[in-house]
Amino acid sequence: MNRPIIGITMGDGAGVGPEIIMKSLKDAGVYETCRPFVIGDAKILERADQFVQTGLRIRAIQSVEEAQFEYGTVDCFDLNLLPADLPIGQVSKEAGHAAFMYLKQAIELANAGAIDAICTAPLNKEALHKGGHIYPGHTEILADLTGTSDFSMMLSAPKLKVIHVTTHVGIIDAVRMINADRVYKVIRMAHETLKKAGYAAPKIAVCGINPHAGENGLFGYGEEEEKIIPGVQKAQSEGIDAVGPLPADTLFFRATRGDFDIVVAMYHDQGHGPIKVLGLEAGVNITVGLPIIRTSVDHGTAFDIAGKGIADEQSLKEALKQAIELAPKREQ
């Protein structure tokens, strides 16, 4: 098997990202399926290992070509942006700026074909903004730096996949931004993504906006009829197996039961809530529509437990697994 090269961005150095990276790379099985290396700060990884005690060696490098990809040693593309005594568990502009630069470097490497996929540890949005980078999160940075206009966030858990029409905006703004064309495009992205992943005929369910999906005008002001139904109908006319809008309060149960392969959620919490109920350690965030592969943990920086060595690495390991499956194969 040709092992893809996966660049793992360190995220916010004050959070749990460095710890879960070290814990994940302690698993020899990771090296059997991919060639991982970290894009971040070597000294912060070394400090994180004092908390998690993996016994792995950190090796600072300045190019992908220098990486050895050997189990027992963590290759770190060392940008050397943070002080060794960076306060743990606190918002800082230094860590926010550094997290942006790690991702920027990873995107440049992916665009150049030096790596096959990006897997991101969490960043902190407040720190990102204090560091001078005004983005809602990873997804929007990736879209901006790759020149991508049509993209979406897809969350994947063992029994549920969700893709979003809107994400990091307030609920009032989300309702305003939803329109039939965007709904159609997200349905199509969901269909194409699952087809590439091996689903012969993906079954797609689309959420309503209002309680009971409006119940024929009883709730709301006709949002389903105006903003959702035409998009669903356009997808159906192209042979895509999409249904909706359906009431969100029962739809996610039906999806976990196996009735549907993926759910199209209208706004952030509508889609994130059900995934996170299934377990933070199981969720993976995949950015759909980009010219490069990017997966991520589906949790935040967890400042409250940073530095304690107790952060669960399972979401990052799942994100690595998804990146490996989605990455193009290359000769070694």
Side-chain angles (χ1 to χ4, degrees), residues 9 11 99-100 103 106-107 110 117-125 128 133 135-158 160-171 173-175 177-179 181-194 196-197 202 204-207 209 228 231 248 251-252 255 260-280 282-301 315-316 318-323 325-326:
T9 58
F100 175 85
L103 183 59
I107 292 169
I118 300 170
C119 182
T120 58
L123 54 73
N124 180 277
K125 295 176 180 64
L128 181 71
H133 307 287
Y135 293 91
H138 270 120
T139 302
E140 293 79 9
I141 297 172
L142 284 148
D144 186 27
L145 297 187
T146 59
T148 304
S149 57
D150 291 327
F151 61 93
S152 183
M153 175 188 294
M154 186 174 93
L155 302 180
S156 177
L160 180 65
K161 287 181 172 59
V162 180
I163 190 169
H164 293 71
V165 173
T166 68
T167 47
H168 295 116
V169 294
I171 186 66
D173 291 330
V175 174
M177 291 169 63
I178 296 165
N179 60 64
D181 184 58
R182 172 65 179 168
V183 168
Y184 160 74
K185 287 177 178 177
V186 172
I187 293 171
R188 186 164 186 82
M189 280 189 275
H191 175 78
E192 292 174 350
T193 299
L194 293 190
K196 290 177 183 177
I204 302 168
V206 182
C207 284
I209 297 172
I228 300 178
L251 173 51
F252 290 98
F260 305 105
D261 297 313
I262 191 167
V263 174
V264 177
M266 291 297 119
Y267 51 89
H268 184 282
D269 285 13
Q270 188 181 59
H272 278 62
I275 286 282
K276 294 189 176 182
V277 165
L278 295 175
L280 289 174
V284 176
N285 182 332
I286 303 168
T287 307
V288 175
L290 298 176
I292 57 181
I293 302 300
R294 178 263 177 164
T295 67
S296 178
V297 296
D298 185 32
H299 62 74
T301 47
S315 182
L316 183 61
E318 285 294 324
L320 279 168
K321 180 180 177 182
Q322 293 276 357
E325 291 179 358
L326 294 169

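Every heavy atom of this structure was used, including side-chain atoms; hydrogens, water molecules and symmetry mates were not.
Remark: the backbone N or O of A319 is paired with a side-chain donor or acceptor of T295 at under 3.5 angstrom. Within the 3.5 Å criterion, the main-chain N or O of I187 finds no donor-acceptor partner in the side chain of H191. Between the side chain of R294 and the main chain of C119, no donor-acceptor pair closer than 3.5 Å is present. A donor-acceptor pair under 3.5 Å is formed between the side chain of S152 and the backbone N or O of H164. T166 contributes a side-chain N or O that, together with a main-chain N or O of M266, makes up a donor-acceptor pair within less than 3.5 Å. Remark: side-chain polar atoms of T9 are not paired, donor with acceptor, to backbone N or O of L103 under 3.5 angstrom.
Proximity of F252 to V162: side-chain heavy atoms (C-beta onward) are separated by under 4.5 Å at one or more points. Residues M153 and H272 are in side-chain contact: their nearest non-hydrogen atoms beyond the backbone lie under 4.5 Å apart. Taking 4.5 Å as the limit, some side-chain heavy atom of L145 sits within range of a side-chain heavy atom of I141. Residues P274 and L160 are in side-chain contact: their nearest non-hydrogen atoms beyond the backbone lie under 4.5 Å apart. Counting only heavy atoms from C-beta outward, the side chains of R182 and M177 never approach each other to under 4.5 Å. The closest side-chain heavy-atom distance from L155 to V284 is not below 4.5 Å.
Heavy-atom minimum distance, Y184 versus G231: CB-O, 3.8 Å. Of all the heavy atoms in Q270 and A248, the pair that sits closest is NE2-CB, 3.6 Å. The shortest non-hydrogen separation linking P136 to K125 is O-CE, 2.6 Å. Considering every non-hydrogen atom in both K161 and L194, the closest pair reads CD-CD2, 3.9 Å. When all heavy atoms are compared, the tightest approach of I228 to C207 is CD1-O, 3.6 Å.
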Residues E140, T167; criterion side chain to side chain contact (heavy atoms under 4.5 Å, CB included); working and verdict: CA-CA 10 Å; E140 293 79 9; T167 47; 3.6 Å; yes
Side chain to side chain contact (heavy atoms under 4.5 Å, CB included) assessment of V264 paired with V165: CA-CA 7 Å; V264 177; V165 173; 3.6 Å; yes
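Expressed to the nearest 0.5 Å, how far CD1 of I204 lies from CD1 of I163 amounts to 8.5 Å. For the atom pair OH of Y267 and CG of D173, the computed distance is 14.0 Å after rounding to the nearest 0.5 Å. Between the CG atom of L142 and the CD1 atom of I292 there is a distance of 5.5 Å, given to the nearest 0.5 Å. Taking CD1 of I209 as the reference point, atom CD1 of I178 lies at 4.0 Å (rounded to 0.5 Å). With rounding to the nearest 0.5 Å, the separation of OG1 in T287 from CE in M189 is 11.0 Å. Between T139 atom OG1 and M154 atom CE the span is 12.0 Å, to the nearest 0.5 Å.
Using cut-offs of 30° and 60° on the angle between ring planes, the pair Y135 and F100 is parallel.
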